[in-house]
Structure formats: C-alpha cells, structure tokens
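Mind having a look at this structure? Questions to follow.
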Amino acid sequence: MTSPQTLLLLGSGAREHALAEKLTRDGATVHVLPGNAGIPNSHPEANPLDFEAVRAFAQAHDSRLIVVGPEAPLAAGITDFFAGSDIKVFGPSRSAARLESSKVWSKEFMRRHGVATAQAWPFRSDNIAAARAKATELGGHVVIKYDGLAAGKGVYVCSSPAEAEAAFDDLQTSYSGWFSFLLEEKLTGPEISIIGLTDGHVIRLLATSQDHKQLLAGDQGPNTGGMGAYCPVPFADANVLAAIRRDIVDPTLRGLQTEQFEFRGFLYFGIMLTPTGPKLLEYNVRLGDPEAEVLLPALDSSLLTLIEATLDGTLAQQGVRQRPGAFVGVVLASGGYPAPKFPTGFPITGLDNLPSGVRAYHGATRRNEAGELVTNGGRVLVLTAHGHDLEEATTRAYEACARVTFQNAYFRPDIAQRPAPVLTATVVN
C-alpha cells in the first residue's frame, strides 16, 4: 500500500488532535471528521456515524484510508461497511469491537482463551437484587461495570457495602430500561496501559503508559475519561512486560486467531499488576485517551508506515522506535466535570505562551460568534510536556497549566507523581 496523500480521521477530541499531528508529520494530509477548533482541517458539520456521508467525503477528497479515533464508529460497524471497497479502515470489525463494546462478552472471551483476569459475574438490570447480594457476600470489595460503551465513566470501584449500594443506585439512575452489567472482584496493585497495533497475528507495542482515571488527587473521587497520563512507566521493566505478554497479550492474539476476527487496528490492554501476577482489567479497540497524547509524541517511528503495514499484512517486518526521555500530559477540565451538565463557553487564554517542549492538544474547544476560542465540554485541553526524565517533564507540564486559563478550569495536581510501587516476585515470574 503506497502512502496516501490524503486520509480521513474520525473523532473530535485530544486523541484525534494528537493523531492528526503525528500523521501530518509522517507526510499525510489529514481531514478530521468532525474535529474541533484546535485541529487543522476539521469539518465540524461531519457526522462520523453517518457512513454514507463519510464515504462521499472520502471519494470527494480522493482518500483511500480512514483512521478511526473513538470507539463508537467501530462498535457501529464502520470497518464492515467499507469491507470489499477500495477504502481501507484502520480499526477492527464490529464483531471484534465487542472486546470493548460489551464488558460481559469481553470477559467471556478472556475466559475462553485463558487470559489472566479477575473473577466476574454477569447480571441483568431485572435481577439487580442478586447482584446486590453478591456484592454484600464479597464485603463490598467489587467493581461494577456497565456492559455497553460509557465513555470511560460506566465503572464503579467500591471498597465497602455502602459504596456498592450507592453504585447500584447510580447505575439504575444512569442507565434506564433493560441493560446488562458485570460484577468483578476488586483487585489491588498499580495499573498500566499497554497499547499496540495488531493485525490479529502479531502486535507492535508502543511505550508503556499510565492513566489517572479518578477526578481528584490521590486517586480519589469519581472515575472520569482520564485526567492525565505519562510514559514510559519506570517500573514496567522487561520482566514485567514478559509476564504481561505471556499471561495476557499472547493468549489474546491466539483468541483472535481462533475466533477468526478481522482485527487490524489499535488494541489497548488495561492491566493491573496484582500480587499474584498481571491481570487484564479491560480491552479497548482504539488508542486510549489521554494515553494517546503522550504515546504519539513519544513515537519516533512513522505511525503512517505502521498503519499501512498493519493493513497490508507486513506488520511483522516493522519495528517501533521511541524518542528518548519522558512525556507527561495533564488534562485541563471544566469545573463540574464529570457530572452530566456543567457550564461551558468560557474563553481560553495562554496557549500562545507555553513553555518550551510543551504541546497543547484540544479536546473540547470551539470558536464562539466573536471568534474566541472557548470551552466546549469536559476535558478541554491536554498539555503534554517532554523532558529528559519524568521529573523534568512533570515540572514543564505544570508550568504550562499555570499559564493556560479559563473560568472554572480544573486539573489534578499529582499526575505522574504516584509513589513507585514495590512489585512482588509473583508479578514478574
């Protein structure tokens, strides 16, 4: 596959900004559907779930490659829609996307193929009393997961019966009608994100990274879509990665082959390093966000070349080079996020005064009638800093946070500053 002069990128957040920037550096002309106010070549009128309109746009711009950022078009079957055409889609089929779009189905896949993961019990909303009883039996030390797509917010991590009861109440309030959900045993240990490109047979991993899901410092408060990330992870050494590959990555690839899924895209493994070894928490079938905003600046190899190799079946011939140093990304969020409603439309200032080595990725921005850049959602910006080491990158990221302002802006003050964990021998043997 020759390098396309023009490609389409679907999505509207900071992940898509980072993807567009990287693919542009790699030599492509990138149109982003719909994009946002900070992403060049955005098309705000576009709907990435209107596949006929996406095809018309691709034909009008002579594009033969579509890169999918968020999960929704994949779960809706965009790869299947273009199958057999001259337009290639970087992303798994609808069936394979169930690894993310259904927590219950995903857990069953893990069990079928021997992927190390937590014990879990599926329930339906019409039998929530049985789930409450099971949570009580486990002392409230459970994780409750809504079965479908929930933009990173359908997960409740509970440490007591009272917290579990509150989680069940919120689950019933947030998701009306009939639905499924998963009750998992609560695991302990540090979490890391392992993300790579795969054709379903081989996988080429990007740098290790770590997300910060909770809203507040010290990993307190409600889960969000992610308040910041960094890479690489210092404690995820060769021994840790070998255990992860043996217990999680390789069984997953064997499962994809056994079930003959069409999977050519990003595959994300959310992993906890428990005292009894690495355990898989979840799959995503696309780049994580905000992990993408540190992983892509860290990637020295051409992402475009890796994508083409994945689609052409030549990924096994490709390696992945990383830039030296560390990368830290801090999310600037709207006050009130992740509640369903909060005020937006506030002018953003300071983006023209960033410290050296800092990039600003737009997540939820727009232009108002006066042409001002204003907030347009929860996670407004991600400020990503590069440094010689993690300490330097963190310092630069927070220098940037002090310079960029908008009304009610909020950011976690402790991204990339968790104490270094002490891993047991069981984790790596």
Side-chain angles (χ1 to χ4, degrees), residues 11-17 36 69-72 75 100-101 103 142-159 163-176 179 181-182 186 191 193 209-230 268 270 281-282 284 286-294 329-346 348 361-366 374-383 401 404-416 418:
S12 62
R15 167 183 49 219
E16 286 71 42
H17 194 175
N36 62 45
E71 60 275 21
E100 177 172 0
S101 63
K103 297 294 190 295
V142 295
V143 179
I144 303 166
K145 296 181 177 179
Y146 173 69
D147 183 46
L149 298 176
K153 296 188 282 291
V155 177
Y156 307 83
V157 181
C158 308
S159 300
E163 289 184 4
E165 283 297 313
F168 284 122
D169 290 344
D170 190 71
L171 188 71
Q172 290 181 294
T173 300
S174 300
Y175 305 101
S176 59
F179 60 87
F181 62 97
L182 203 62
K186 183 182 178 183
E191 292 185 37
S193 301
S209 60
Q210 189 175 60
D211 187 10
H212 296 65
K213 284 288 187 188
Q214 291 83 5
L215 178 69
L216 306 176
D219 297 324
Q220 300 298 308
N223 268 3
T224 71
M227 294 301 296
Y230 71 92
Y268 168 113
L281 301 176
E282 64 174 352
N284 290 166
R286 36 77 190 184
L287 266 177
D289 184 352
E291 291 97 336
E293 293 91 297
V294 294
V330 180
V331 172
L332 270 69
S334 294
Y337 172 79
K341 294 183 179 180
F342 43 82
T344 61
F346 300 122
I348 302 167
Y361 295 115
H362 291 237
T365 65
R366 63 177 176 85
V374 299
T375 64
N376 193 40
R379 294 186 296 169
V380 178
L381 298 162
V382 180
L383 302 181
C401 290
V404 179
T405 60
F406 52 86
Q407 187 173 324
N408 298 337
Y410 171 77
F411 57 86
R412 265 186 66 161
D414 63 341
I415 303 300
R418 290 174 173 136

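For this chain, numbers begin at 1 and follow the sequence in order. Below, all heavy atoms of this structure are taken into account, side chains as well, without hydrogens, waters or symmetry copies.
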Which label fits Y175 and Y146: parallel for a plane angle under 30°, tilted from 30 to 60°, or perpendicular past 60°?
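The rings of Y175 and Y146 lie parallel, inter-plane angle below 30°.
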*asked:* side chain to side chain contact (heavy atoms under 4.5 Å, CB included), that's the test. Do E291 and L287 meet it? Break it down for me.
replied: CA-CA 7 Å; E291 291 97 336; L287 266 177; over 6 Å; no
- Item | Exercise: do K213 and T224 side chains pair donor with acceptor under 3.5 Å | no
Below 4.5 Å, heavy atoms only, C-beta onward: do F346 and T344 meet side chain to side chain?
no
Practice task
Flag the pair V380 / Y337 as yes when at least one side-chain heavy-atom distance between them is below 4.5 Å, and no otherwise.
Solution key: no
- Side-chain contact, heavy-atom cut-off 4.5 Å: F406 with T375?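 A side-chain contact under 4.5 Å exists here.
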Practice item. Look up atom CG in D414 and atom NE2 in H212, then write down how far apart they are to the nearest 0.5 Å. Key: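 These two atoms lie 6.0 Å from each other.
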Hey, what do you get for CD (E191) to CG (D211), rounding to the nearest 0.5 Å?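 Taking CD in E191 and CG in D211, the distance rounds to 8.5 Å.
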TODO: Nearest 0.5 Å please: distance from the NZ atom of K145 over to the CZ atom of F181.
DONE: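 Here the rounded value is 14.0 Å.
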inquiry  = For S193 and Y268, which I'm curious about, is there any donor-acceptor pair between the side chains at under 3.5 Å?
reply    =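 On atom types as modelled, these side chains qualify, holding a pair under 3.5 Å.
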Original post:
Looking at M227 and Q214, what are the two nearest heavy atoms and their distance?
Top reply: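 Where M227 meets Q214 most closely, the heavy atoms are CG-O, 3.5 Å.
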Side-chain donor/acceptor of S101 to backbone N/O of G148, under 3.5 Å | no
Using modelled atom types only, decide if a donor and an acceptor are shared between the side chain of S334 and the backbone of G377 within a distance under 3.5 Å. yes
If we ignore hydrogens and angles and just use 3.5 Å, is the side chain of E163 paired with the main-chain N or O of S159 as donor and acceptor? yes
Q: Of all the heavy-atom pairs spanning R412 and G218, show the shortest one and how long it is.
A: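 Distance-wise, the nearest heavy atoms are NH2-N, 3.8 Å.
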When rounded to the nearest 0.5 Å, the distance separating CD of E293 from OG of S209 is 10.5 Å
Residue set satisfying side-chain hydrogen bond (donor to acceptor under 3.5 Å, both in side chains) with T365, at least two apart, ordered chain then number -> H362
To the nearest 0.5 Å, atom CG of L383 lies from atom CZ of F411 at 9.0 Å
Those residues at least two apart in sequence (or on a different chain) that pass salt bridge (Lys or Arg N to Asp or Glu O under 4.0 Å) with D147 are none
Just by distance, no angles: are the side chains of Q210 and Y230 close enough, under 3.5 Å, to form a donor-acceptor pair?
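Side chains of Q210 and Y230: pair found under 3.5 Å.
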Is the shortest side-chain N to carboxylate O distance from D219 to R418 below 4.0 Å?
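Answer for the salt bridge query: yes.
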Smallest heavy-atom separation, V142 atom then A164 atom, equals CG2-CB, 4.2 Å
> So, are E100 and R286 salt-bridged, with charged N and O less than 4.0 Å apart?
Replying inline: yes
**Request:** State, with a plain yes or no, whether a side-chain heavy atom of V382 is found less than 4.5 Å away from one of V330.
**Result:** no
* To do: Without swapping roles, check the side chain of R379 against the backbone of G225 for a donor-acceptor pair under 3.5 Å.
  => yes
query = So do the side chains of V374 and I348 get within less than 4.5 Å of each other, counting heavy atoms only?
reply =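 No, their side chains stay 4.5 Å or more apart.
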Correct closest heavy-atom pair for V294 and A229 would be CG1-O, 3.6 Å
Between L381 and V331, is any pair of side-chain heavy atoms under 4.5 Å apart? no
R366 vs N36 side-chain heavy atoms within contact, under 4.5 Å:
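The answer is no; the side chains never approach within 4.5 Å.
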Across all chains, not counting sequence neighbours, the side chain to side chain contact (heavy atoms under 4.5 Å, CB included) partners of A167 are I144, Y156, C158
For a 4.5 angstrom cut-off between non-hydrogen side-chain atoms, does P70 reach R15?
yes
E16 side-chain N/O to G13 backbone N/O, donor-acceptor pair under 3.5 Å: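 Confirmed, E16 side chain pairs with G13 backbone.
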